[in-house]
Structure formats: structure tokens, C-alpha cells
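Below is one structure, written out as C-alpha cells; the observations come after it.
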Amino acid sequence: MDVTIALFLIQDGIINGAIYALLAVALVLVFAVTRVILIPQGEFVTFAGLSLAAMETGSVPGAVWLLLVLAAAAAAMDAGAALRERSPAKAVRLAAWNLVPAIAIAAAVLAMVPLQLGLGVNIVLCAALIVPMGPYLYRVAFQPLADASVLVLLIASVGAHLALTALGLVLFGAEGYRTSPVVSGSFQIGPLFVTGQSLLVVGATLALLAGLALFFGRTLIGKALMASAINRRGARLVGIPTMLSGRIAFAMAAAIGVVSAVLVAPLTTLYYDSGFIIGLKGFVAAIIGGLGAYPAAVAAALAVGLLEAFSSFWASAFKEVIVFASILPVLLWRSLTSTHGDEED
Amino acid sequence: MSALLEVGDLSVNYGRVEAVRAVSLAVQSGEIATVIGANGAGKTSLLAAIMGLLPSRGRVVFDGQDLARVPAEERVAMGISLVPEQRDLFGTMSVADNLALGAFRRGRAEIPARLERVYALFPRLEERHRQEAGTLSGGERQMLAMGRALMARPRLLMLDEPSLGLAPLIVRDILQTVSELRDEGVSILLVEQNARAALRIADHGYVMELGAATMRGPAGELAADPRVAEIYLGAAHGMA
Ligand SMILES: Nc1ncnc2c1ncn2[C@@H]1O[C@H](COP(=O)(O)OP(=O)(O)O)[C@@H](O)[C@H]1O
Ligand SMILES: [Mg+2]
């Protein structure tokens, strides 16, 4: 291996690491607020990526129907809960509150996609499609279990992942797609070719991480999310609705998924089921980082990206195995040194 | 005068254990009502049920409104705040952030004025406003829990054993602050094992035993009642 190859692998590792960092941060965020280990985070990425690819060719992405189905399910559950309280007016209001935005978004997508208005518009439409899926998914799959154990929530999470993957096959087909890069062109720094897209990956990741730090450090709503994670009962006692915290956390995770998709879809071909492997690497990073701390998760994600890049050079057949196996020594070390138990009392 | 808080036949169960049995009580506007009782009498469960944190049977009426279908978070917005026995602070956040979150339902604009008021009541909190809540001393944690509750500008402040684990001098300061709050118009429901100290500042009192409210009356009368004196005041020998 010479310096050029090493630099190339490092570049590759950093790009992958940046994507994993986004996924890991989304997982840490969702886990902290809701105790859900969000296996379907990868689906947000693939669904956003495949939607972008579809819109690029002027065809309406299947995600539109998924959005409507999720909205209808959330509306039915909210209305059902209100009817059990015998307040039909509230049932109607909640159903409308769930359905109206989804229908408006679907209408906008159906109307605008065939016009092929360009990448910028497509990204906005894609975000409008995918981001609300987060809160809907929370409402449908996790809110009814809000007081359940981490294990039960994990099982629900695996169930949601399997259901979404199956829907993905129906909605997007088995074929893989890649989008055109947001930033085209490349240039040379010393011996290294750097593509515009890879600079965008690193830049956008850093910007998003900085934005999250500001959100949690400076805004009252960000602090409220953090408070729900630190002490659920304390959060309720100051009037923070924990359901709302859950919905916001899931919306943020879905938004991070959209950003990841915009960054990664031009670099790798995405299939309906690619989300699992992508998400799993973010998961490995989040676990190595301890599922609790953002900077640790980001550092671990970079390490995972680099490990993947170098193992694909030395032992490409085993690169996934090596990445996933790296979690074992960390878990072992953690279980030996861990002193504190579950966060709940 | 109609009561600000009216609790009727409230019961709480943990499985088959009945922790609160058909308790009825009222807190009048601008008064301190106290519930005294031994460890395990059901005081904490009673407050949690009034706050909406625990499922319960019976009636809770606040300012004329039945709270049966109102979740805890909305009760906060209506003007009820609880300072829980466990304090439930946000341990890894600063004192200032804990206080700011106390005003979550009031909005950003109200924070500076409320902060000024809380810092005037508890100057220690201002000195330590950057410190993490988890690193405060017991007395400071109690002040922060009270300050956080006051940030919501409650009309009814419920305190669960504010004297628990604190030195007598700090207990005196904290109860002094509670009477000041009453004088400003905040109605207070104070739960205490420290019966002597609680009855001294309260207007009305209830005695809770094994989940039931067994005695009630003006605080002075309760303090003079030989049964209360024997069970709850006798051992204290002029403490606090
Ligand atoms: N989470 C719980 N599960 C089961 N029993 C409980 C629980 N919390 C309290 N209890 C029981 O309910 C009774 C009343 O407890 P509590 O309300 O904490 O009383 P107090 O605050 O007066 O000490 C006690 O017998 C206690 O053991
Ligand atoms: Mg108690």
C-alpha cells in the first residue's frame, strides 16, 4: 500500500463515516428521547433516496402512498382513542390534523413531480414526503408502547423495519437506483482526486451536527427534548408532553435520513432493502459510542467508516463481517466496566 | 369561598395494594393546606394522583374544572405544579436550564421576569446558575425543584416532603419561603412527615393513616389535638 492508496482509503472512510455519523446521531437522538432503538432509520434513507431517483425521471415515487397509509393509520388511532373518551369532536379534529397535511403533501407531489422542476425542488418534495413519516411511524408503532421496556420497543422496531422493507419492495420494486450528484465535478489536491459530492458529504454532515448542537444547546424546545430524555417524569412535571417529544424526535430522525439520502444516493446504488445494512453501520457506531453521547457516536462513526474502507482494501470479502464484529470487543469491554443500570427506576 | 382544589373520594391502587382510600380534601384559594402522616401512609401517591401521574378513582376538581381526562402536562398549563419527593431535576443540565424549562408552558418571553423572581427567593440558585443540577447539595436541589415549579407561575403548588433529608436550619428557610408564597397568593398543598413544622405554617391540616384521611381541621386545632400530639409530635421534642 502506498501513500496515494492510503489517502484514497482515508477519503473513502471519512465519506462513509460522515454518513454513518448522521445515522448514529439520529439513533442516539431517538433512543435518548423515546428509548426506541430505531432499526427503520435506514428505511428513511432508502425511501428518500429512491424517491429522489424516481422524481429525477419525472415519475411519482411510491412513497406518496406509504405517506397516505401511515397518515390514515395514525388518524384512525388518534380518532379511536378520542372516541373511547366519548369526544367525537376531538376525534374529528385529530383525524383531520393527521390527514390534511399528508393529503396536501401528496397532492403537491403528484402535481409537481411530472413537471421535472429540478433537483432543488425535488429535494424539498422528498423532505415533505419523508419527514412526516417519522411522527406517523411513532404514532402508529411506538406511542401505544410508550411505557414498555426497551426490549419490547426493540421488537416493535424490528417489526416496523420488516413491514417497511416489505412495503418498500411493493412501492419501489426490486431494482436499484442511483441519483445524479448534487455537486458535480472533481478536482485534485496533491495526489488525491476529490469529488464535489464528497466535499458536500463532509460539509453537510458538519453543518448538520453543528445545527443539532445549537438546537439542543440554545432552543427551549431542544432543551425540552433533552429533558424528556434525562428525566421523563420531571419533563411531564414542567408540562412537556412526552408524546410530542417522541414525534419531534422521530421527525428529526426522518429529516436526518433525507439529508443522508441526498448525500449518499449519488455515491451508492440504493435498493429497497439497502436501509438495513446502512442503518446497521450507524447502529454499530451508536452502540460503540454508548447510545448516549453525540460526540462519541460521531467519533465511532468515523472509525467505522475508516475500518470499512481499509478492510475493503485488505480483505474485501470480509469487510461487513469486520465492521459488525468490531462491536463485540466494545460490548465486552462495556459490560465489564459498566457500573450503572437501566436509566429507568 | 369556593375551594381552588377539591378532591373527592380519591383512591389509588398498586395492583391489590390500596395506597389511597377514598380521600377527600380541599385547598382554599390563598391558603396552605397540609397532609401529615407517617412513612407509607399514601401521601406521595395522593399527590401523584392529583397531578395526574397515577391512575386513580374519584374526583379531582381544580378551579371548578373536572380533571378526569386532563393529562399531567395540561394540568401544569392550567396552573398546578408538583415538587416531587424525588425532585426529578434534569441532572446533567445547568441550574439556569432547569429553571428555563420550568416555564416551558409559559413561553420564552416570560422567562426573564420569572427568573428574577425565583432568584430573589433563592439567591443561592443565581450564584450557581451555571452549575449542573446533579452536583448541587440536598438543600440546593430542593430550592431548584421549588424554583423550577414556580417558573410555571402555578396557582396551586404541591410540595412532597420538602424537608426530607435537609438540616433543620434549611428546613426553616424553605418553610419560611412557603409561607411567603402563600402571602403572595399562591395556594399550597404541603405534604410532610415533619408534622410540627408543617402545622406551624399551615392553615388547614389533614392526617393520613394507612391510605385514609382520619383527622382534619384548622392547623392550630390539629396541633393541639392530643391524638396528633401523641403520634406525630411527641417524638419530635421541640425539633425544627
Ligand atoms: N410503585 C409502587 N408499587 C407498589 N406499591 C407502592 C408503590 N409506591 C408506593 N407503594 C405503596 O403504597 C403505599 C403508600 O406509599 P406512598 O404514597 O409513597 O406513601 P408516603 O408518601 O406517605 O410515604 C405504601 O404502602 C407503599 O409501599
Ligand atoms: Mg412519600
Side-chain angles (χ1 to χ4, degrees), chain A residues 28-29 32-33 78 80-91 93-94 143-144 146-147 213-248 290-296 340 343-345, chain B residues 44 47-48 51-55 68-94 96-111 114 132-134 141 144-154 157-158 160:
Chain A
V28 170
L29 169 71
V33 176
D78 273 347
L83 284 179
R84 253 172 278 131
E85 286 177 15
R86 289 178 225 292
S87 34
K90 192 175 166 198
R93 189 163 47 82
L94 287 177
Q143 186 173 313
D147 295 319
L214 279 180
F215 174 74
F216 285 114
R218 293 291 161 81
T219 70
L220 197 57
I221 192 92
K223 286 175 185 169
L225 274 192
M226 210 152 71
S228 328
I230 298 172
N231 189 318
R232 205 172 305 272
R233 191 169 50 176
R236 296 191 73 193
L237 285 176
V238 297
I240 301 168
T242 42
M243 304 296 170
L244 183 68
S245 306
R247 288 191 178 200
I248 293 173
L291 257 187
Y294 300 95
H340 59 89
E343 59 148 337
E344 304 293 299
D345 24 298
Chain B
T44 296
L47 288 192
M51 195 66 224
L53 296 171
L54 272 184
R69 299 201 191 296
V70 183
E73 303 90 72
E74 300 310 316
R75 296 184 195 201
V76 176
M78 291 172 71
I80 307 179
S81 286
L82 168 66
V83 179
E85 199 173 357
Q86 314 296 337
R87 318 310 189 219
D88 287 318
L89 299 173
F90 308 122
T92 51
M93 297 171 85
S94 69
D97 280 350
N98 271 269
L99 290 174
L101 282 167
F104 183 74
R105 299 303 291 250
R106 293 278 167 196
R108 263 222 121 105
E110 284 202 28
I111 292 178
R114 291 306 297 165
E132 274 192 11
R141 290 164 59 79
L144 180 55
M146 280 176 69
R148 188 181 70 178
L150 289 170
M151 290 294 291
R153 199 142 52 80
L157 180 65
M158 304 196 291
D160 194 348

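Chain A is the first sequence line, chain B the second, and so forth, proteins listed ahead of strands; every chain is numbered from 1. What you see is a predicted model; the values in this text were computed from it and never measured.
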- Taking every heavy-atom pair that is under 4.5 Å apart, which of B:M151, B:E74, B:R69, B:M51 has the most such pairs with chain A? B:R69
- Task: Answer whether the closest heavy-atom distance between the side chains of B:I111 and A:L220 falls below 4.5 Å.
- Result: yes
- Give, as side chain, backbone, both or neither, the part of B:A100 having an atom under 4.5 angstrom from any heavy atom of chain A. both
- Any residues in residues 75-83 of chain B near chain A, with a heavy-atom distance under 4.5 Å, and which are they? B:V76, B:L82
- Message: Which residues in residues 84-93 of chain B have any heavy atom closer than 4.5 Å to a heavy atom of chain A?
- Response: B:P84, B:Q86, B:D88, B:L89, B:F90, B:G91, B:T92, B:M93
- Message: How long is the straight-line distance from CD of B:E73 back to CG of B:L53, given to the nearest 0.5 Å?
- Response: 8.5 Å
- Message: So which atom in B:A133 and which in B:L144 form the shortest heavy-atom distance, rounded to 0.1 Å?
- Response: CB-CD2, 3.7 Å
- Distance from B:L54 atom CG to B:T44 atom OG1, nearest 0.5 Å? 10.0 Å
- Query: Do you know the tightest heavy-atom contact between A:G239 and B:F104?
  - Reply: O-CD2, 3.8 Å
- Message: If the condition is ring-ring contact (aromatic ring centres under 6.0 Å, His included), which residues does A:F216 pass it with, not counting sequence neighbours?
- Response: A:Y294
- Note on the structure: CZ of B:R114 to CZ of B:R106, rounded to nearest 0.5 Å, is 8.0 Å
- What's the shortest heavy-atom distance between A:S228 and A:S245, and which atoms? OG-OG, 3.0 Å
- Item | Results of side chain to side chain contact (heavy atoms under 4.5 Å, CB included) for A:P144 - residues two or more places apart only | A:M77, A:R139
- Item | Value rounded to 0.5 Å, distance of NZ in A:K223 from CD1 in A:I230 | 11.5 Å
